[in-house]
Novice: 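To start, I am sharing the structure in question, which I have written as structure tokens.
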Protein chains: 2
Amino acid sequence: MPVGLRAIGQRSETVRRANLSAILRELHADGPASRSALVARTGLTRSAIGHLIGEFVAAGLVSEERAAPLGTPGRPSPLVRLESNRVGVIAVEIEVDTLAVAIVGLGGEVLDLLRVDRERTDIPVEDTAATVAELVSTVVRRPAAPDAIIGVGVAVAGVVRRTDGFVSMAPNLGWRDVPLGQRLVEALGLSLPITIANEADLGALAEHRRGAAIGVSDLLYISGEVGVGGGIITGGNQLTGAAGYAGEVGHMPVNPQGIACHCGSVGCWETEVGLDALLVRAGRQAGGGRSEAEAVVREAAAGGPLALQAIEEVGRWLGFGLAGLVNIFNPSLIVLGGSFTRIYPFVNEVVEHQLEHFALPAPRLPVRVVPATLGADASLIGAAELAFEPFLADPAHWLRSGAASSALASA
Amino acid sequence: MPVGLRAIGQRSETVRRANLSAILRELHADGPASRSALVARTGLTRSAIGHLIGEFVAAGLVSEERAAPLGTPGRPSPLVRLESNRVGVIAVEIEVDTLAVAIVGLGGEVLDLLRVDRERTDIPVEDTAATVAELVSTVVRRPAAPDAIIGVGVAVAGVVRRTDGFVSMAPNLGWRDVPLGQRLVEALGLSLPITIANEADLGALAEHRRGAAIGVSDLLYISGEVGVGGGIITGGNQLTGAAGYAGEVGHMPVNPQGIACHCGSVGCWETEVGLDALLVRAGRQAGGGRSEAEAVVREAAAGGPLALQAIEEVGRWLGFGLAGLVNIFNPSLIVLGGSFTRIYPFVNEVVEHQLEHFALPAPRLPVRVVPATLGADASLIGAAELAFEPFLADPAHWLRSGAASSALASA
DNA sequence: AGGCATTTGAAAGAGAGGAACACAAAACTG
DNA sequence: CAGTTTTGTGTTCCTCTCTTTCAAATGCCT
């Protein structure tokens with residue numbers, strides 16, 4: 001149901017752009033495919049596919065190889081494969097206690113990955129940007145780097161505006177109203193588009209494309225760290241909201257009688273299910289971060305009653321909040337990421353029980369709750385997908401301008 | 001960011017379909033427009049517009065009239081206008097205490113409207129369907145009816161599945177797991193597509209297309225009656241969820257220490273902001289419905305302290321819940337419908353205050369809260385829009401098959 | 001080896017929008 | 001009031017892209 005402004009007139013060229021995009025998306029998402037498989041999946045004719053593939057081959061973006069005979073009669077269809085070391089993106093992850101930079105090739109292969117630990121203290125944006133720039137320039141020089149870098153995607157643990165990467169609030173990084181996008185542009189000094197998004201949003205994107213939620217078009221990804229973030233995909237589209245701030249489910253009020261949240265509100269969901277809530281309930285000091293949480297999980301695994309009880313209580317609140325989200329979004333899948341992945345085995349039952357109790361039967365019915373499968377790199381992979389997005393949406397633009405070489409030159 | 005399955009290959013014909021659709025949407029949404037305005041809005045050339053308009057004219061769907069000279073130099077562009085009595089839809093609204101059927105012409109004009117009051121008792125679906133059928137057959141026979149009816153849209157006050165109109169739960173109608181869609185198909189006996197959706201979802205659609213939210217692509221429509229429903233539009237698309245159950249914000253848990261909700265949960269938002277909450281706080285009996293609520297509003301307008309206090313308390317909870325939704329959706333507009341429209345003047349300030357207090361600053365900043373403008377007919381208008389949707393999305397399909405006549409014949 | 005199923009490749013065909021030009025109609029201009 | 005300017009329509013030709021069609025290629029199966 002597109003609204004007026006988007007429904008701009010289409011031209012013949014639009015068709016070609018859309019079809020090139022469709023083919024590229026197939027290959028990027030599902031890996032190598034035979035020509036005939038592409039025919040089947042796109043609904044185009046063999047000739048059309050032939051022409052379009054030819055264009056990609058001419059640009060050096062894909063290669064065709066003799067198909068391995070697969071036992072069926074008929075002339076075998078050649079396998080079309082993306083050249084993963086021709087075009088790539090830089091993915092950056094800025095988290096509380098770690099900083100990562102990766103190079104990801106078209107098709108999703110992680111070609112190179114650099115991760116450094118950071119102090120859990122407030123670090124100025126400028127310093128962060130400088131560190132990122134250093135890592136990027138290292139990684140770009142290494143042999144794994146592809147011929148052309150076409151964009152930079154950044155995942156940040158904070159409330160961030162999509163349009164320009166302005167970070168309104170990243171409490172755990174100690175940032176408030178920080179122009180991260182601008183600083184990164186300055187520090188990187190590349191003439192590449194830099195797109196920044198919230199880490200949970202990108203985790204959702206990653207799980208949707210390459211993780212536990214492949215093929216699911218309505219899903220919630222809930223990432224539990226010190227803060228609780230949500231990435232939401234509905235109808236196959238990411239929920240971004242008017243400015244890209246959407247998905248801050250951690251600050252959904254669930255308990256008016258609850259404790260004060262650093263955001264200024266009271267009883268936010270993350271005050272009940274965030275890492276600190278777990279630690280305090282387990283008799284430990286708040287602020288311990290992942291390592292302490294890990295200790296609680298180990299304690300629980302060993303049968304420690306206090307730890308088990310703490311995790312159970314978190315699970316109860318987790319399920320309570322999820323019930324509300326299920327009623328609001330009617331998803332078919334909920335993916336638990338971050339530290340929730342670790343406690344999933346312990347809370348699975350409570351969560352299901354809470355959903356049974358607090359969610360409406362109709363939207364609750366089809367919901368499955370599963371742990372994330374991409375682990376710590378989820379948002380990094382999502383950042384890469386984000387950076388690839390313009391390319392996937394309109395590869396024709398790159399092909400025409402011979403960007404393979406020009407983009408490289410500028411990198 | 002379309003996912004694999006949707007990104008089907010496009011053909012030349014697709015372009016024509018899309019462009020016909022774009023033109024029709026413009027005319028349907030914004031009313032008559034000059035050819036040159038259409039050129040400007042779609043970005044197509046004059047020749048293309050000429051051809052496409054020609055096709056519509058040939059089908060008798062639009063007419064062109066000599067432009068009234070409007071004071072600007074240059075040759076005036078003829079005005080393109082939809083023939084509102086050629087193609088129309090039937091819109092049905094099934095609410096707790098009222099039942100309405102309307103005929104709406106292409107362009108959105110309500111050509112005819114029949115509304116009957118109902119007892120606030122549980123009425124079997126079969127009876128409801130029969131009444132609807134009766135109203136429909138009356139209205140279709142009246143002179144205002146257009147040549148062709150192309151679909152039926154139904155708004156129902158309950159949790160309903162989009163695919164087949166299965167009502168999982170409509171507590172105020174006394175329905176549970178009722179195949180409303182099927183019953184309506186049987187009762188109406190028309191070979192027309194019948195689409196059923198939740199009344200708040202359709203209220204949102206109506207306000208988005210023809211009410212307070214025109215041109216806004218990220219909005220929440222919150223409708224307060226006995227139950228509280230939400231219609232959500234993000235990125236210009238309706239949020240439907242996996243099965244169309246999405247938007248049940250009334251059952252978002254906001255108060256674990258609250259009262260039991262009929263849905264089986266505790267502390268749902270509607271237990272704090274629904275009509276019964278208002279009535280009880282105002283010292284009246286629950287179950288009084290709209291008329292009693294109206295009495296409370298009048299009492300408040302006259303300065304009655306108990307009524308004012310009750311409304312204020314509802315406003316406080318309203319703002320509290322909205323804050324959570326703002327954090328989740330980052331909308332740019334919140335439209336208050338149903339009884340909330342009436343209490344808006346009284347709660348405006350409290351709501352804003354609560355948002356200030358409980359919503360994150362970044363998503364909160366651009367949010368405006370406004371009353372609905374379409375009043376009681378909002379969901380009826382939305383139902384019409386829903387029924388028009390397939391036609392607007394692919395008018396070529398209808399033109400080719402000469403549906404103007406064939407659809408009429410079947411009605 | 002020959003038949004069959006499936007696919008590729010090239011050429012011709014069809015559908016749709018773009019560009020350019022002649023002509024039309026209204027509003028300015030002096 | 002006649003000429004000029006501006007904006008628009010209709011027409012013709014062109015370009016782009018996919019489809020259709022047919023011959024040739026390839027490898028399984030008997």
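Being a predicted model, the structure only gives us computed values, none of them experimental. Note on naming: letters A, B, ... go to the chains in the order of the sequence lines (proteins, then strands), and numbering restarts at 1 for each one.
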Novice: Specify the separation, in whole Å, of atom CD1 of I53(B) and atom C1' of dG8(D).
Specialist: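 Rounded to whole Å, this separation is 14 Å.
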
Novice: Could you check whether atom CZ of R35(A) has more than 12 heavy atoms from other residues, nucleotides or ligands sitting under 6.0 Å from it?
Specialist: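 More than 12 within 6.0 Å, yes.
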
Novice: Need one value for R46(A): base, sugar-phosphate or nothing, where a base atom within 4.0 Å counts as base even if backbone is also close, heavy atoms only.
Specialist: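 Base contact.
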
Novice: If I take atom CD in residue E13(B) and atom P in nucleotide dT20(D), what distance separates them, rounded to the nearest angstrom?
Specialist: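 Those two atoms, CD and P, are 11 Å apart.
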
Novice: Has the side chain of S47(B) got a donor or acceptor atom sitting under 3.5 Å from an opposite partner on the base of dA19(C)?
Specialist: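 Indeed there is one.
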
Novice: Do the side-chain N or O atoms of N19(A) get closer than 4.0 angstrom to the phosphate oxygens (OP1, OP2) of dC18(D)?
Specialist: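 Yes, within the criterion.
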
Novice: Mind checking what makes ring pair (Phe, Tyr, Trp, His ring centres under 6.0 Å) contact with F56(B), not counting sequence neighbours?
Specialist: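 F56(B) satisfies ring pair (Phe, Tyr, Trp, His ring centres under 6.0 Å) with no other residue.
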
Novice: For R11(A) and V39(A), find the nucleotide of DNA chain C closest to each by heavy atoms; which residue's nucleotide sits nearer the 5' end?
Specialist: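 Result of the comparison: V39(A).
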
Novice: With a cut-off of less than 4.0 Å, is there a side-chain N or O of R35(B) near OP1 or OP2 of dG8(D)?
Specialist: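 Checking dG8(D) against R35(B), no side-chain N or O comes under 4.0 Å of OP1 or OP2.
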
Novice: I'd like to know if E109(B) pairs up with R81(B) as an ion pair, taking the criterion as any Lys NZ or Arg NE/NH1/NH2 lying under 4.0 Å from an Asp or Glu carboxylate oxygen.
Specialist: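 R81(B) and E109(B): not salt-bridged.
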
Novice: Tell me: CD of E64(A) to P of dT7(C), nearest whole Å?
Specialist: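 My rounded result for the distance is 14 Å.
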
Novice: Think S36(A) has a side-chain N or O under 4.0 angstrom from the OP1 or OP2 of dT7(C)?
Specialist: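 Answer is yes, contact under 4.0 Å.
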
Novice: Of all the nucleotides listed (dG17(C), dT8(C), dC18(D)), which has the minimum atom distance to the side chain of L52(B)?
Specialist: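 My answer, after comparing the listed nucleotides, is dG17(C).
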
Novice: Between R17(A) (CZ) and dT17(D) (C1'), how many Å, whole number?
Specialist: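 About 13 Å, once rounded to whole Å.
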
Novice: Given dA25(C), dG18(C), dT7(C), identify the nucleotide with an atom nearest to the side chain of L44(B).
Specialist: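 Within the option list, the nearest is dG18(C).
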
Novice: Take atom CD of E55(B) and atom C1' of dG15(C), then tell me their distance rounded to the nearest Å.
Specialist: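 So the two atoms are 12 Å apart, to the nearest Å.
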
Novice: What is the distance, to the nearest angstrom, from the CD atom on Q10(B) to the P atom on dC16(D)?
Specialist: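 It works out to 19 Å between those atoms.
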
Novice: Enter the distance from H397(A):NE2 to L20(A):CG here, rounded to the nearest 0.5 Å.
Specialist: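 Here the rounded value is 13.5 Å.
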
Novice: So which nucleotide from dG8(D), dT17(D), dT7(C) ends up closest to the side chain of P78(A)?
Specialist: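 Shortest atom-to-atom distance from the side chain points to dT7(C).
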
Novice: Give the nucleotide from the list dT7(C), dG18(C), dT19(D) with an atom nearest to the side chain of S77(A).
Specialist: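 Minimum distance to the S77(A) side chain belongs to dT7(C).
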
Novice: So, taking the atom named CD1 in I232(A) and the one named CG in D218(A), what distance separates them when rounded to the nearest 0.5 Å?
Specialist: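 One finds 11.5 Å between CD1 of I232(A) and CG of D218(A).
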
Novice: Tell me which of G43(B) and G50(A) sits closer to the 5' end of DNA chain C, going by the nucleotide each one is nearest to.
Specialist: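 Per heavy-atom nearest nucleotide, the more 5' residue is G50(A).
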
Novice: In whole Å, I'd like the distance from the CD1 atom of I49(A) to the C1' atom of dT19(D).
Specialist: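 It works out to 13 Å between those atoms.
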
Novice: Can you tell me whether the side chain of T45(A) and the base of dT20(D) have a donor-acceptor pair closer than 3.5 Å?
Specialist: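 Such a pair does not exist between side chain and base.
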
Novice: How many Å lie between NE2 on H51(B) and C1' on dA19(C), as a whole number?
Specialist: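 Distance, rounded to whole Å: 14 Å.
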
